[in-house]
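Here the structure is laid out as structure tokens; the discussion comes afterwards.
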Amino acid sequence: MKTKVKNQKTLQPKAATFNVRKVRKDFPILKQKVHGKTLVYLDNAATTQKPLAVIEAMDTYYREYNSNIHRGLHLLSEKATGAYEAVRVKVQKFLNAKESREIIFTRGTTEGINLVAQTWGRQNVGAGDEIIVTTMEHHSNIVPWQMLCGEKGAQLKVAPINDAGELMVDELKKLFTRQTKLLSITHVSNALGTINPLAEITSFAHSKGVKVLVDGAQAVPHLTADVQKMDCDFYVFSGHKVYGPTGVGVLFGRYSLLETMPPWQGGGDMILSVTFEKTIYSKPPNKFEAGTPAIAEVIGLGAALDYVAKIGLANIAAHENSLLEYGTRKLLEIPRLKLIGTAGHKAGVLSFTLGDIHPHDIGTIVDRQGVAIRVGHHCAQPVMDRFQIPATARASLALYNTRGEIDALAKAVRKAKEVFE
Ligand code: PMP
């Protein structure tokens, strides 16, 4: 089987500027040994490692200008506020949003989706209405909608995927009715690597008057996410999957929608004035950022986006795509190894099963060889059900991975085969 890997046409790598050996030096964690072997970190879809630039940006904040934001008139607070708000503008540019006030800081993808479900969703979805998701969604893009549907008496509909793990777009289109209020869909599948054709899908959804939320958790580390080109209404991602810290994420929302949405959490920083009789809320984005946010983490996220920009997403995509093709070839040389997720348009995920060997057994042996991969259902149980398997082993790629590491993976998987077959 040959899996041809394409990526977004807009990403043209700059010639010969990407040097993986040099890039690896930016990530101190990669130097260590595990079980006496040099670490091969291939669990990047779970979380990516952090470059020094991110670690140092957070360290500098705590050492030199730790202070609460938006509140103090003193110098440190002004500095912290400036740094925090500068990241909002960086994220705006990163997503090509029209305005920085369309960017809301959250705790991560999960919180972003829950925020939309509990605000826009509660306001706009009623009894008999429908929300569409797809079979390839992460649990965090299923459960919040199930909760909302349960509360409102609405229905959750599910678009199917084919045997390659590609969305069946024609079938998806058939699910839309007059009752459909929202399509919530992943940009890139964490379990399969499939990249969805979002521009076509959002334009269809909008022609039916349906809003679109895109889960970008697995997309932003690998490809350009342009919210204006995609024309989505909401876009969410997590900082920790794009070389930033945990505890911070982003919700992009079209401003005209954010304006009409009720706040989610109440508290400090999201109000203009409070009396016991009446509270007046701030405008977005502050309306949705109650309480002291993750200031250091936002600053770390800013450093991560600067780092990605410095390397160039086009270079990252080209490097990862070449690794993906190499890895696909290497793994398929192993007898009885089956790739789960062979979409024609795919980002850096190699999910597989190996004969009757349980993925957990593969994971254990592979770990002993110093290779970190993920085994399990990857918080995407409906994908496992679709392929009638309990779990897969998953290697997922980042900009610092090498062909040598793919070789180490293939060798470790062969070892697992020897032990268990
Ligand atoms: N969606 C997708 C596609 C994911 O891969 C993940 C993380 N595995 C999430 C959502 C949830 O992200 P977080 O746990 O950072 O909120």
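Here the structure is a predicted model, which is why all the values come from computation and not from measurement.
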May I ask you to test the V188-V220 pair for a side-chain heavy-atom distance under 4.5 Å? no
Under a 3.5 Å distance rule, please check whether E137 uses its side chain to pair with a backbone N or O of T186 as donor and acceptor. yes
For I69, is there any backbone N or O sitting under 3.5 Å from a side-chain donor or acceptor partner on T81? no
Might you work through the side-chain contact (heavy atoms from CB on, under 4.5 Å) test for L213 and D233, ending with a clear yes or no? CA-CA 6 Å; L213 181 148; D233 301 288; over 6 Å; no
Relative to the ring of H360, is the ring of H358 parallel (under 30°), tilted (30 to 60°) or perpendicular (over 60°)? parallel
Before giving the answer on side-chain hydrogen bond (donor to acceptor under 3.5 Å, both in side chains), spell out for Q179 and D129 the whole-Å C-alpha distance, their side-chain angles and the decisive distance to 0.1 Å. CA-CA 5 Å; Q179 295 307 116; D129 285 342; 3.0 Å; yes
Just wondering, do I29 and K50 contact through their side chains at under 4.5 Å, heavy atoms? no
Give a yes or no on whether a salt bridge exists between D356 and R336, defined as a side-chain N under 4.0 angstrom from a carboxylate O. no
For the backbone of Q228 and the side chain of D226, can you confirm whether one donor and one acceptor N or O come within less than 3.5 Å of each other? yes
Side-chain contact, heavy-atom cut-off 4.5 Å: F234 with L257? yes
Does any pair with a residue in residues 147-156 pass side-chain hydrogen bond (donor to acceptor under 3.5 Å, both in side chains), and if so which ones, sequence neighbours excluded? R122-E151
So, the side chain of R254 versus the backbone of D231: is there a donor-acceptor pair under 3.5 Å, distance only? yes
Polar side-chain atom of K346 near backbone of T194 as donor-acceptor pair, under 3.5 Å: no
Taking atom CZ of R386 as the centre, does the number of heavy atoms from other residues, nucleotides or ligands within less than 6.0 Å exceed 12? yes
Should the ring pair Y235 and H187 be called parallel, tilted or perpendicular, given that the plane angle runs from 0 to 90° and is split at 30 and 60? perpendicular
Side-chain heavy atoms of S351 within contact of H378, under 4.5 Å: yes
N196 vs V214, side-chain contact (heavy atoms from CB on, under 4.5 Å): CA-CA, chis, key distance, verdict: CA-CA 10 Å; N196 283 320; V214 179; over 6 Å; no
Should the pair R403 and Y326 be classed as cation-pi, given the thresholds of under 6.0 Å to the six-membered ring centre and 45° from the axis? yes
Can you list the steps and then say if K411 with Q369 is a side-chain contact (heavy atoms from CB on, under 4.5 Å)? CA-CA 9 Å; K411 196 169 159 205; Q369 306 308 306; over 6 Å; no
Under the side-chain contact (heavy atoms from CB on, under 4.5 Å) test against W145, which residue among V116, V125, N114 passes? V116
Name the orientation class of the two ring planes belonging to F18 and H319 (parallel below 30°, tilted from 30 to 60°, perpendicular beyond 60°). tilted
Decide yes or no on side-chain contact (heavy atoms from CB on, under 4.5 Å) for V250 and I104, but give the supporting numbers first. CA-CA 6 Å; V250 167; I104 295 158; over 6 Å; no
Any idea which heavy atoms bring N315 and T17 closest together, and the distance? ND2-OG1, 3.2 Å
Verdict with supporting geometry, D306 and K310, salt bridge (charged side-chain N to carboxylate O under 4.0 Å, His left out): CA-CA 6 Å; D306 284 345; K310 192 181 92 189; over 6 Å; no
T177 vs E130, test: side-chain hydrogen bond (donor to acceptor under 3.5 Å, both in side chains). Steps then yes/no. CA-CA 8 Å; T177 72; E130 299 163 354; 2.7 Å; yes
If we ignore hydrogens and angles and just use 3.5 Å, is the side chain of S238 paired with the main-chain N or O of A217 as donor and acceptor? no
State whether the side chain of Q92 and the backbone N or O of K98 hold a donor-acceptor pair below 3.5 Å, judged by distance alone. yes
Considering residues, nucleotides and ligands other than K417, do more than 12 of their heavy atoms fall under 6.0 Å from its NZ? yes
I'd like to know if the side chain of S396 reaches the main chain of N44, judged simply by a donor and an acceptor atom lying under 3.5 Å from each other, with no hydrogens or angles considered. yes
Taking Y243's backbone N and O only, do any of them form a donor-acceptor pair with T48's side chain (distance below 3.5 Å, no angle check)? yes
Locate the shortest heavy-atom distance separating G239 from L301; write the atom from each residue and the value. CA-CD1, 3.8 Å
Identify the heavy atoms of I373 and A393 that sit nearest to each other, and give their distance. CD1-CB, 4.0 Å
Using 0.5 Å steps for rounding, measure from the OG1 atom of T119 to the NZ atom of K287. 8.5 Å
Should the ring pair H139 and H377 be called parallel, tilted or perpendicular, given that the plane angle runs from 0 to 90° and is split at 30 and 60? tilted
Sequence neighbours left out, what pairs pass salt bridge (Lys or Arg N to Asp or Glu O under 4.0 Å) with at least one residue falling in residues 194-221? K173-E200
Looking at F105, I'd like to know if the NZ or CZ of R88 sits under 6.0 Å from its six-membered ring centre while staying within 45 degrees of the ring's axis. no
Are a donor atom and an acceptor atom from the side chains of T353 and K338 found within less than 3.5 Å of each other? no
Are there over 12 heavy-atom neighbours, none belonging to R24, within less than 6.0 Å of that residue's CZ? yes
At their closest point, which heavy atom of A46 faces which heavy atom of K241, and how far apart are they? O-NZ, 3.1 Å
Which residues share a side chain to side chain contact (heavy atoms under 4.5 Å, CB included) with M270, sequence neighbours left out: P263, Y281, A290
Using side-chain hydrogen bond (donor to acceptor under 3.5 Å, both in side chains), reason through E85 and H70 one step at a time and then give a plain yes or no. CA-CA 10 Å; E85 290 302 330; H70 296 155; 2.7 Å; yes
Shortest non-hydrogen separation from N401 to L323 and the atoms involved: O-CD1, 3.4 Å
For residues V212 and I201, determine if any side-chain heavy atom of one lies less than 4.5 Å from a side-chain heavy atom of the other. no
Establish, yes or no, whether a centroid distance under 6.0 Å links the rings of F94 and F252. no
Which of these passes side-chain contact (heavy atoms from CB on, under 4.5 Å) with P359: V375, V366, I389? V375
Search all heavy atoms of E320 against all heavy atoms of L399 and return the closest pair with its distance. OE2-N, 3.3 Å
E325 side chain to S322 main-chain N or O, any donor-acceptor pair under 3.5 Å? no
